[in-house]
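Here is the naming used below: chain letters follow the sequence lines, and residue numbers restart at 1 for every chain.
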Amino acid sequence: MVTKSLQSIRGIHDGLPDDVRRWQRIEDVARATLTRYAFSEVRLPVLEPTELFVRSIGEETDIVSKEMYAFTDQGGDHICLRPEGTAGAVRAYLQGGLTRSGIQRWFYMGPMFRRERPQKGRLRQFQQIGVEMFGAAGPVEDVEMLAMAHAFLEGLGIPDLQLQVNSLGCSVCRPAYRDQLVAYLQERADTLCETCNERIDKNPMRVLDCKVTSCQAKLGDAPEMLDHLCDGCSAHFSDLRQGLDALEIPYIVNPRIVRGLDYYNRTAFEIVTDKLGAQGTVLAGGRYDGLVSELSGPATPAIGFAAGIERLAMLLDDVALERPDLAIVAIGDEVLSYSLKQAADLRQAGLCVVHCGGGGARRQFKMADRGYVRFVAVIGEDEMQAGKVTLKDMASGEQKLVKAGAVVAEVQAAS
RNA sequence: GUGGAUGUAGCUCAAUUGGUAGAGCCCCGGCUUGUGAUGCCGGUGGUCGUGGGUUCGAGUCCCAUCAUCCACCCCA
């Protein structure tokens, strides 16, 4: 056990080789997929002015009101560790002067920070792959966005995922619907659970997917956003569905998908699994047409999503370790320098090589075996004089004397 | 933030009604010093999460604290 003072901060975990191998797999597939849709990677700050999130996410949200790592730095500035990526992306879009540069398609990957109570699939520092598109109103772009998210997860080969879509309406139709919903809920407030009563004011749409069964029983005839969309939103949503159908992307309409953050409108979607307990959402996003102007930019439609790398990693099959091609076993101190040079040359030629450090042959072979190397090159006095190595195939146990210059070809021929 | 479970060697776990800790795996070394996976022998390694308390005596009881896990809240 590590003593308390040397432990990492609660909910902030290390990425050890087994973890990082999985993360890289996810990142590689993401890069490949997103790039094919003409998205460009951006790298944005982890530290941002606190005000950015207060203005974009909303002061009342849990994220801003109690989950941000916010502090004052030595110069008296209010800064924080980003709790999500979209606000920073919008900030960068505006600050970079890209509002007249046509549609921007961006993606990024990196850590986000939220001071929540940790549990499975929920960390205080976690990584997201975020995607944002600025300047396109959809619905074609919405379809492509969903298709891209789908293609990404298909590429990872994670089974049993479900895409759920909804429309959150817009500034035209949502306020009226919201009023109607609140009125409906207030009539039944005394029959709803405590948290639902709090939600009536804070986020009434959240009441609809309350997990308490007694609440669910009371809400069978509750009004839903989808039945109250304005003409524009309604057309947008049906075009979205048409597009998904055309691409044969399976999905269900879940009228109870809600977004916690204030800036979302119209298309909202989640990709969920039932294998992660309460943290089943593996990717989520939606349209946020109002945010750019909210942050003092020109009215600019936008849509994006974020995928949780750690959550995806938990769904991934074991990712095979990259095995070293070859281990160098040096017999006798007089060949050490020569063997080091051989190792360096083989690496130069592209092989992954481990030098076993000399000493007893038995010890070195054990080391090679535990390192799962495919071949061992034994170099002793005789081999050095002859300019050869004894090359042993660790799987078959066969070995033969080959010229030093032929090792690369031998190893590559076997793979 | 709320509720619950857990916390003994690097890992997975034992330790009878409280009497000052064991196993397996891993790791390291050896089995005549140029050959590994199996085998045999040996070895390192724990202030029983941490800090208090009860007791002649606590891994074993009580309290606090930290961390992990689960659910709620919320979310990727």
Side-chain angles (χ1 to χ4, degrees), chain A residues 1-13 26 57 60-67 83-86 109-131 149 193-196 198-199 202-203 206 209-212 257-261 270-273 276-285 304-315 327 329-333 335 356 358-383 389-399:
Chain A
M1 281 297 115
V2 198
T3 57
K4 189 334 186 148
S5 59
L6 292 177
Q7 273 180 308
S8 68
I9 295 166
R10 178 177 205 188
I12 299 187
H13 294 185
I26 292 165
I57 302 176
E60 302 306 311
T61 59
D62 282 11
I63 290 181
V64 169
S65 65
K66 53 190 195 199
E67 294 176 1
E84 59 99 36
T86 299
M109 358 201 180
M112 306 295 165
F113 304 82
R114 306 222 278 237
R115 199 181 182 292
E116 301 180 89
R117 187 87 169 256
Q119 64 187 82
K120 190 189 196 71
R122 156 183 288 164
L123 300 164
R124 289 183 171 185
Q125 174 176 342
F126 59 100
Q127 301 175 87
Q128 284 187 336
I129 296 170
V131 179
C193 73
E194 207 173 314
T195 47
C196 276
E198 288 167 23
R199 286 193 273 234
K202 281 179 62 184
N203 192 351
R206 179 68 73 192
D209 66 354
C210 179
K211 286 167 187 165
V212 179
I257 286 182
V258 186
R259 280 284 88 95
L261 313 186
E270 292 184 6
I271 296 179
V272 302
T273 174
L276 290 180
Q279 276 68 240
T281 303
V282 119
L283 182 153
F305 67 77
I309 292 182
E310 287 87 351
R311 287 187 185 177
L312 288 171
M314 288 191 286
L315 299 173
V329 169
I331 310 291
D333 291 347
V335 306
C356 292
R362 184 185 174 82
R363 189 193 68 79
Q364 295 188 70
F365 264 89
K366 278 189 174 178
M367 182 185 288
D369 190 49
R370 292 199 184 108
Y372 304 108
V373 304
R374 297 159 57 219
F375 289 92
V376 164
V378 183
I379 302 176
E381 188 86 50
D382 297 347
E383 284 89 346
V389 306
T390 301
L391 190 66
K392 176 166 183 174
D393 181 326
M394 293 296 274
S396 66
E398 289 168 15
Q399 62 183 47

Just to be sure I understand the rule, does [X] reach a base, reach only the sugar-phosphate, or reach nothing, if contact means heavy atoms closer than 4.0 Å?
X         : value
Thr61(A)  : nothing
Gly130(A) : nothing
Ala395(A) : base
Gly332(A) : nothing
Ala368(A) : nothing
Ile309(A) : nothing

For [N], the Watson-Crick or wobble partner whose two distances fall under 3.5 Å:
N       : result
rG1(B)  : rC72(B)
rG7(B)  : rC66(B)
rG39(B) : rC31(B)
rG18(B) : none

Out of [options], which has the shortest distance to the side chain of [X]?
X         : options                   : answer
Ala361(A) : rG36(B), rA76(B), rG34(B) : rG34(B)
Asp62(A)  : rA37(B), rC73(B), rG34(B) : rC73(B)
Arg10(A)  : rU68(B), rU35(B), rA76(B) : rU68(B)
Val378(A) : rA76(B), rG34(B), rG36(B) : rG34(B)
Glu383(A) : rC28(B), rC69(B), rG34(B) : rG34(B)
Asp369(A) : rG36(B), rC28(B), rG34(B) : rG36(B)

[Y] backbone acceptor or donor facing [X] side chain under 3.5 Å:
X         : Y         : value
Arg124(A) : Ile12(A)  : no
Gln364(A) : Gly358(A) : yes
Arg114(A) : Ile63(A)  : no
Arg117(A) : Arg122(A) : no
Glu84(A)  : Thr86(A)  : yes

Take atom [atom1] in [N] and the same atom in [M], then report the distance between them in whole Å.
N       : M       : atom1 : result
rA9(B)  : rC25(B) : C1'   : 12 Å
rG22(B) : rC28(B) : P     : 25 Å
rC40(B) : rC26(B) : P     : 12 Å
rC61(B) : rU17(B) : C1'   : 13 Å
rU16(B) : rU20(B) : P     : 12 Å
rA14(B) : rG24(B) : C1'   : 11 Å
rU50(B) : rC11(B) : P     : 14 Å
rU44(B) : rG49(B) : P     : 23 Å

d([atom1], [X]; [atom2], [N]) in whole Å:
X         : N       : atom1 : atom2 : result
Gln119(A) : rA67(B) : CD    : C1'   : 15 Å
Lys392(A) : rA37(B) : NZ    : P     : 10 Å
Leu276(A) : rA76(B) : CG    : C1'   : 11 Å
Arg363(A) : rC27(B) : CZ    : C1'   : 13 Å
Arg124(A) : rU68(B) : CZ    : C1'   : 13 Å
Lys66(A)  : rG1(B)  : NZ    : C1'   : 6 Å
Ile63(A)  : rC73(B) : CD1   : C1'   : 13 Å
Phe365(A) : rC28(B) : CZ    : P     : 17 Å

Distance test, side-chain N/O of [X] to OP1/OP2 of [N], below 4.0 Å:
X         : N       : result
His13(A)  : rA67(B) : no
Arg122(A) : rC70(B) : no
Arg199(A) : rC74(B) : yes

Does the rU35(B) base have a donor-acceptor partner in the side chain of Gln399(A) within less than 3.5 Å?
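Check passes, donor-acceptor contact within cut-off.
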Can you check whether any acceptor in the base of rU2(B) is under 3.5 Å from a donor in the side chain of Arg117(A), or vice versa?
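Per atom types, the contact qualifies.
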Could you check whether any side-chain heavy atom of Lys120(A) comes within less than 4.5 Å of a side-chain heavy atom of Met314(A), counting everything from C-beta outward?
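Yes; the side chains approach each other to less than 4.5 Å.
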Which residue lies more 5' along RNA chain B, comparing Ile9(A) with Arg114(A) via nearest heavy atoms
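Looking at the nearest nucleotide for each, Ile9(A) comes out on the 5' side.
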Relative to the 5' end of RNA chain B, which residue comes earlier, Glu270(A) or Gly11(A), by the nucleotide with the nearest heavy atom?
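Going by which nucleotide is closer to the 5' end, it is Gly11(A).
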Could you measure the distance from the OG1 atom of Thr273(A) to the CG atom of Leu312(A)? Nearest 0.5 Å is fine.
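So the gap between those two atoms works out to 10.0 Å.
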Working to the nearest 0.5 angstrom, can you tell me the gap between Met112(A) CE and Gln125(A) CD?
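Reported value, rounded in 0.5 Å steps: 10.5 Å.
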